[in-house]
Amino acid sequence: MNLPPVPSTAADSLRLRLGALVLLTLLCWIAFFQGLGTLGLMDKTEALFVEVARGMADSGDWITPRWNGETFFDYPVWGYWLVALSFRLFGPLEWAARVPAALSATLTVLALFALLLRLAQPDEPQRRVVGRALLGGSVLALSPGWVGWGRSSVTDMFLASAIALALFSFLLAHFSPEDSGDRRLGHAGLAVFAGIAVLAKGPVGLLLPGLVIVVYLLLRGRLFISLRQTPWLPMTALFLGVAVPWYAIATKVNGGEFLTRFLGFSNLERFTSVIYDHPGPPWFYLPWVLILLLPWSLFLPVAAARILPRGRAGWARWRQSQPDASDLPLFGLVWLAVVVLFFSAAATKLPGYILPAVPGGALLVGLFFRPFSPMVGGVAGVHAEGAGVRITGWLNALVLALMAGAAAVAPRLAGGDPSHPGFAEAVAASGLPTTLALVLAAGALALAGLLVMGGAQGLRRLWGPNAAAMLAVLALVVPGVGRVMDRERQEPVRELARLAGQQVRGDEPLLVVGYKRYSVVFYSGRPVLFVSGPDRARRALRERAGPPPSSLLLLGSDAELKDFGLGDGVGSTLARRGSHRLLRLPAASLPQEGER
């Protein structure tokens, strides 16, 4: 059958969209996959998380997480499942451990791209539509927080990507006509991805997207309308079908231990009190918002100022208007603010907790540079004219210039690390600081050129030098940094850990002295005792099952072993890698606390 020819406009549109998709996919490859296995597992959290997944893959027990010989209920199971499945497919390799996080980061970037395409007006020029979607996805893919956690196998990316996909699904449903396929797809996606978020981190996976949606709908004056139009029964069934089975089975298998450890300690106690020695003031996350979204975060204040209605009349007209895609910048602002405020109220604070805010910030900044048009209601148009944008542009150039200067002089100013004394020198010898300085300086100069000569049109293109600089850093600097870090910091410990697994005699304990290098459990393939001093070592040995050992294996840096009470002449050194040693010590020769 001869099909009629596709109209040139439709064919051109398809080629344009496919070309943009290819470019964005290539960008994701550079950002998340390039050199993914160059760096060994990082201590502490990544190595812990990956070892739990390997235990699942090896044992076939897909219900109860275990680490270092004990049950481990700090996190739910979604991330473990993905990494364990990757190990089953590719083997227990570093890049295989990180592929699920990289895929999650990439899927979120591509979903943002698809959402911005889908919500564009049908009569809008395709180049503008595709350019906006490509820029929005690129801002997210080139955000340091999304890159960093997208290349690391920890639970933060699995939670953040699931929350982002749930909120993208809500937006698709909210802005699509009633009874349309897009609305049904959006409602289904919201339920499924919220369920996955709960499997990734617990109740916060439902609470966070729920809070973002409720605050947005309240601001928009459409909460009760939206509640009436939501198909609660099928969405609830989908959510429960995804989220509940593992929790039910884990409770049946592990009983009160699971509920107490996971719900009590890892959720309520983490929010209400400081655990694992990670406190922070209420403003703890403000500098982290700047860092995780740099350089895009510099445009957050002016982007936020441009989307809010002016005066009471503006708010009234805006709340009475029908929602459309021009609401997306406001939704991004609400998303960013709710996540940051929520975790600012928690007692335990870590930078990765606010990773779910990064897609909201990327959405806000991307639409600042490439807004939907026309804007409606009382919302001020998001255009690049104005003193605020010009001031922000100069601040942007200054920040890149200062970063370039810091990169150039950092190797000469960096202090020595006793555990890795050659690291700073190796970084300087690699030429990477110079490359980084040149890239950032070029970005600063390009920004200054646009600000001086570009006029209003140049201001709208301030994203270009930022994107080019970030891409160059990812392509030219990050892979080399990974190689140097692995050679100088990870490889010595990894080799000694593997040797310890081969040298161990029967049930001989392996002790890691000083810093808790959790990667030793993974690379040695055996349980490890983490000790800070001789008394702690004795307590750990007494609590250990089995008869008292006659000898011990100890791993640590020279400085840590000396502080432990083990100088160069104590014990038998089995191997040395750089400043780290693996030694065997008769149990009776364990130093007394006063001998340290």
Side-chain angles (χ1 to χ4, degrees), residues 32-33 36-37 41-68 71-108 145-166 192-206 208-209 242-247 249-250 254 258 261-263 265-267 270 276 350-356 358-359 518-519 521-522:
F32 308 122
F33 291 92
L36 199 57
L41 294 181
M42 294 179 289
D43 296 310
K44 301 182 288 188
T45 306
E46 184 186 44
L48 184 154
F49 189 87
V50 170
E51 171 60 18
V52 175
R54 187 178 70 164
M56 279 192 168
D58 290 347
S59 68
D61 181 355
W62 299 84
I63 300 302
T64 303
R66 289 182 174 85
W67 181 74
N68 205 22
T71 55
F72 185 77
F73 294 125
D74 278 30
Y75 309 117
V77 78
W78 178 253
Y80 302 142
W81 281 349
L82 295 181
V83 177
L85 178 60
S86 183
F87 282 162
R88 285 285 185 92
L89 292 173
F90 307 114
L93 305 169
E94 288 90 346
W95 67 265
R98 293 169 180 147
V99 160
L103 287 173
S104 299
T106 299
L107 179 61
T108 309
W146 209 247
V147 172
W149 273 273
R151 299 176 64 89
S152 175
S153 186
V154 293
T155 194
D156 301 277
M157 177 51 72
F158 299 117
L159 173 67
S161 59
I163 287 176
L165 293 170
V192 168
F193 288 116
I196 290 175
V198 170
L199 274 181
K201 199 65 180 280
V204 72
L206 177 63
L208 272 183
V242 172
V244 168
W246 175 77
Y247 284 95
I249 298 172
N254 298 283
F258 168 71
R261 178 70 184 180
F262 176 70
L263 293 178
F265 176 78
S266 293
N267 285 271
R270 192 182 296 265
Y276 297 137
L350 283 169
Y353 287 178
I354 63 163
L355 187 65
V358 170
Y518 290 163
S519 61
V521 181
F522 180 87

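Nothing fancy with the numbering, it's 1 onward along the sequence.
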Worksheet item: So Asp58 and Phe87, side chain to side chain contact (heavy atoms under 4.5 Å, CB included) or not? Walk me through it.
Response: CA-CA 9 Å; Asp58 290 347; Phe87 282 162; over 6 Å; no
Worksheet item: Does the side chain to side chain contact (heavy atoms under 4.5 Å, CB included) test come out yes or no for Val52 and Arg66, once each step is laid out?
Response: CA-CA 6 Å; Val52 175; Arg66 289 182 174 85; over 6 Å; no
Item to complete: I would like to know whether Phe72 and Leu48 meet side chain to side chain contact (heavy atoms under 4.5 Å, CB included); could you show each step before the answer?
Response: CA-CA 10 Å; Phe72 185 77; Leu48 184 154; 3.3 Å; yes
Worksheet item: Is there a side chain to side chain contact (heavy atoms under 4.5 Å, CB included) between Asp61 and Met56 once you walk through the steps?
Response: CA-CA 5 Å; Asp61 181 355; Met56 279 192 168; 5.9 Å; no
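Formation of a donor-acceptor pair under 3.5 Å by the Ser86 side chain with backbone atoms of Ala96 is found in this model. Between the side chain of Ser153 and the main chain of Pro100, no donor-acceptor pair closer than 3.5 Å is present. At distances below 3.5 Å, not a single donor-acceptor pair connects side-chain atoms of Arg54 with backbone N or O atoms of Ala84. Side chain of Tyr80 to main chain of Ala57: no donor-acceptor pair is present (N/O by atom type, distance under 3.5 Å, no hydrogens or angles). Looking only at distances, a side-chain donor or acceptor of Thr106 sits under 3.5 Å from a matching main-chain atom of Ala102.
Atom-to-atom distance recorded for Trp146:CH2 and Ser161:OG is 5.5 Å, nearest 0.5 angstrom. To the nearest 0.5 Å, atom OG1 of residue Thr155 and atom CG of residue Leu355 are 10.5 Å apart. Note: Asp156 CG to Ser104 OG = 12.0 Å, rounded to the nearest 0.5 Å. Remark: Asp74 CG to Thr71 OG1 distance equals 10.0 Å, nearest 0.5 Å. Interatomic distance, OG of Ser519 versus CG of Asp43, reported as 3.5 Å (0.5 Å rounding). Atom CG of Leu107 and atom CZ of Phe193 lie 6.0 Å apart (nearest 0.5 Å).
Taking the centre of each ring, Phe90 and Trp95 come in below the 6.0 Å mark. Taking the six-membered ring where the residue is Trp, the centroids of Trp67 and Tyr518 are separated by under 6.0 Å.
Between Trp78 and Val198, the closest side-chain pair of non-hydrogen atoms is not below 4.5 Å. For the pair Phe158/Phe49, a side-chain contact is recorded, criterion being any heavy-atom separation below 4.5 Å from C-beta on.
A side-chain N or O of Asn254 and one of Thr64 form a donor-acceptor pair less than 3.5 Å apart.
Closest heavy-atom contact between Pro65 and Phe73: CD-CE2, 3.8 Å. Looking at every heavy atom in both residues, Ala243 comes nearest to Leu199 through O-CD2, 3.9 Å. Residues Pro76 and Ala200 approach most closely at CD-O, 3.6 Å, considering heavy atoms. Residue Ala166 comes nearest to Ala194 through the heavy atom pair CB-N, 3.9 Å, listed as atom of the first residue, atom of the second, then distance. Residues Pro356 and Pro359 approach most closely at O-CD, 3.4 Å, considering heavy atoms.
Test Leu159, Leu208, Ile163 against Lys201 for side-chain contact (heavy atoms from CB on, under 4.5 Å) and you get one pass: Leu159.
For Arg98, the side chain to side chain donor-acceptor pair (under 3.5 Å) partners two or more places apart in sequence, or in a different chain, are Glu46.
Ring geometry for Trp246 against Trp81 counts as perpendicular: the plane angle is over 60°, on a 0 to 90° scale with 30° as the lower cut.
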